[in-house]
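Working notes, beginning with the structure itself.
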Amino acid sequence: MLEQYIPVFLVIGFAIIFAGATVFSSEIFGPKRPTAEKLSTYESGMKPIGTTNERISVKYYLVAMFFIIFDLEVIFVYPWAVQFKKMFSDIGMPVFYSMLVFLIVLELGYLYAYKKGGFKWD
Amino acid sequence: MSIWETIIFSLIKILIIVHVMLITVSYLVYFERKISAWAQNRLGPNRVGWKGLLQPFADVLKLLLKEDIVPNQANKPIHTLAPLLALFVAFTTYAVIPFGPDLKIFGYTIPLVVADINVGILYVLALTSLGVYAITFAGWSSGSKYSLLGGIRSSAQMISYEISMGFSIGGVLLLSQSLRPEAIVASQSGWMWNAILQPIGFITFLVSAFAETNRLPFDLPEAEPELVGGFHTEYSSMKFAGFFLAEYANMIIASALIVTLYLGGWQFPYLETFGLPYGWYVAISVLTFLFKEALLLFFFIWVRWSLPRFRYDQLMNLGWKVMFPLSLLNIVWVAGLIMIFKI
């Protein structure tokens, strides 16, 4: 059973080596002539103003929260989707209705977030 | 097969696929420039080699010999980790994508997929989620305002579209009854392609794939007129090349996924009824896969040079108010198809 995963580990090992070789090759081949101007932050040729350690708009956290709420539901749909055909021939319509109830509850939550102005971007 | 044989065959497959991907990426960049030139009535690269065909090698060589600049404001470990992560994700996802039927050679039966695992689709979803970190880290650690804005926008965009992507795949699973990519391909024999049976799911997945790969019309993370280079403004040399490579490799992976999930995978409709020798059957199947893949890659480039860029609010509206309800509707649609037509 675990044998199936040997290729996955090989792929992962290969990807790590490949990524490392690509990123660090320029340290070997490229020149090293740093100057103060070269190492300063790029701001279209102006002197950089302030740093980036400032507060980020709360809207982005809201997006992250919606993502967590709705992306979790995907995982609840998958087992049902995989079993649907088999269970439908065994049990019939209740299999579909149970999922419909779940989706409607999900949609209600979505409409609530919509009404509250959660999806207003500007 | 013994463990050693598995390891040797996997290594051969990995080496072949990685080389094919690298060559495709370099020529994809070349074709992107040629097609853009054609779309804008220019000539495009035509100086290095015949018709500019050696241009990709010249580009790589140039990037390799450039100085690797890490700005003072940057957080060095994370600044280095970001391109590593981007490349890692781009070069691990191909593992579960089947590109042909079982190859029978020298008494061995070799499946033409690197890892035939039951959780294939979950593996892909997990890795694409990891890809968000690469861009967020790059944006945050550079210490530049352009990078930060690009990184934040990009993470918001990618997580928004991941939801509709996940729900669209739900429709595919209803028909395949398995998360194994091989089973998904097998469930689309003949013309029973998912793109035909569930057009809504196909469109939502296609749009989400464009958003996940940061391609135009969704390339806000690197919107040149407003954010210079976006999250990779402060990257140079091979670290920049890493992001570039990862972007194009992701494009190849995304098209391969679309082919596998919605366009019948490697199957040429009704090829098994033609009565060809098995070797020809395998060869034509692999060529069919490559042909579908090439068409989708052309589509990616074509869209890029035809459509203007979305504004941030339009992008998020499309993701949350159109794609999300549509992908839910798609699940009900497919369940209805199964219940009414018993397919």
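Letters A, B, ... are given to chains in the order of the sequence lines, protein chains preceding strands, and every chain is numbered from 1. Heavy-atom basis, side chains included; hydrogens, waters and symmetry copies ignored.
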*Trace of the side-chain contact (heavy atoms from CB on, under 4.5 Å) decision for F231(B) with S142(B)*: CA-CA 8 Å; F231(B) 62 90; S142(B) 293; over 6 Å; no
_For chain B, which candidate among F24(A), F29(A), F18(A) shows the most heavy-atom pairs at distances under 4.5 Å?_
F18(A)
_Please find the pair of heavy atoms, one from Y235(B) and one from H79(B), that lie closest to each other, and give the distance._
OH-O, 2.8 Å
*Taking the side chain from S208(B) and the backbone from S164(B), do they hold a donor-acceptor pair closer than 3.5 Å?*
no
*asked:* With chain A as the partner, which of K145(B), Q73(B), K66(B), K239(B) has the greatest number of non-hydrogen pairs under 4.5 Å?
replied: K145(B)
_Residue part contacting chain A, namely of L64(B), when any heavy atom lies under 4.5 Å_ = both
*asked:* Parallel, tilted or perpendicular: which one describes the rings of F102(A) and F76(A), with boundaries at 30° and 60°?
replied: perpendicular
*asked:* Counting heavy-atom pairs closer than 4.5 Å to chain A, which one of I7(B), N317(B), T233(B) comes out on top?
replied: N317(B)
_Max heavy-atom pair count under 4.5 Å with chain A, selected residue of P325(B), G336(B), G319(B)_ = P325(B)
_Please classify the contact of L22(B) with chain A as side chain, backbone, both or neither, using a heavy-atom distance under 4.5 Å._
side chain
*Heavy-atom pairs under 4.5 Å with chain B are the metric here; pick the option from A36(A), G20(A), S26(A) that has the most.*
S26(A)
*asked:* Is D116(B) close to chain A through its backbone or its side chain, or both, or neither, when contacts mean heavy atoms under 4.5 Å?
replied: backbone
*Where does Q83(A) contact chain B at under 4.5 Å (heavy atoms): side chain, backbone, both or neither?*
neither
*Just give me the residue among V74(A), I6(A), V8(A), I28(A) that pairs up with chain B most often, heavy atom to heavy atom, under 4.5 Å.*
V74(A)
*Which one, F84(A), Y114(A), Y78(A), leads in non-hydrogen pairs under 4.5 Å with chain B?*
Y78(A)
*Side chain, backbone, both or neither: which part of L65(B) has a non-hydrogen atom closer than 4.5 Å to chain A?*
both
*Compute the centroid of each ring, for F244(B) and then for F240(B), and state whether the two points are separated by less than 6.0 Å.*
yes
*Against chain B, label M93(A) side chain, backbone, both or neither, depending on which of its atoms sit under 4.5 Å from a heavy atom there.*
side chain
*Which atom names give the shortest non-hydrogen contact between L106(A) and F167(B), and what distance separates them?*
CD2-CZ, 3.9 Å
*Taking atom NZ of K76(B) as the centre, does the number of heavy atoms from other residues, nucleotides or ligands within less than 6.0 Å exceed 12?*
no
_Option in F88(B), W320(B), Y123(B) with maximal non-hydrogen atom pairs under 4.5 Å from chain A_ = W320(B)
_K116(A), NZ: over 12 other non-hydrogen atoms inside 6.0 angstrom_ = no
*asked:* Could you report the tightest heavy-atom contact between V25(B) and L245(B), atom names first, then the distance?
replied: CG1-CD1, 3.5 Å
*chain A contact via L125(B) - side chain, backbone, both or neither, heavy atoms under 4.5 Å*: side chain
*Name the option with the most non-hydrogen atom pairs under 4.5 Å to chain B; the candidates are V95(A), I75(A), L103(A), I12(A).*
I12(A)
*With a 4.5 angstrom heavy-atom cut-off, which part of V77(A) approaches chain B: side chain, backbone, both or neither?*
side chain
*Answer with side chain, backbone, both or neither: which region of L100(A) has an atom nearer than 4.5 Å to a non-hydrogen atom of chain B?*
side chain
*Of all of I169(B), V89(B), V96(B), L179(B), which one pairs up most often with chain A through heavy atoms under 4.5 Å apart?*
I169(B)
*When P34(A), A113(A), G92(A), P31(A) are compared by non-hydrogen pairs under 4.5 Å with chain B, the top option*: P31(A)
*Could you tell me which portion of I16(A) (side chain, backbone, both or neither) has an atom closer than 4.5 angstrom to a non-hydrogen atom of chain B?*
both
*Under 3.5 Å, is there a donor-acceptor pair between the S187(B) and Q177(B) side chains?*
no
*More than 12 non-hydrogen atoms from neighbouring residues, nucleotides or ligands closer than 6.0 Å to OH on Y60(A), yes or no?*
yes
*asked:* Counting the benzene-type ring for Trp, do F66(A) and F119(A) have ring centres under 6.0 Å apart?
replied: yes
*asked:* Taking CZ in F67(A) as the centre, count heavy atoms belonging to other residues, nucleotides or ligands within less than 6.0 Å. Is the count above 12?
replied: yes
*Heavy-atom contact with chain A under 4.5 Å, split by part of K13(B)*: neither
*Does the separation of the ring centres of F88(A) and F96(A) fall below 6.0 angstrom?*
no
*Top residue by heavy-atom pair count (under 4.5 Å) with chain A, among I331(B), I163(B), L87(B)?*
I163(B)
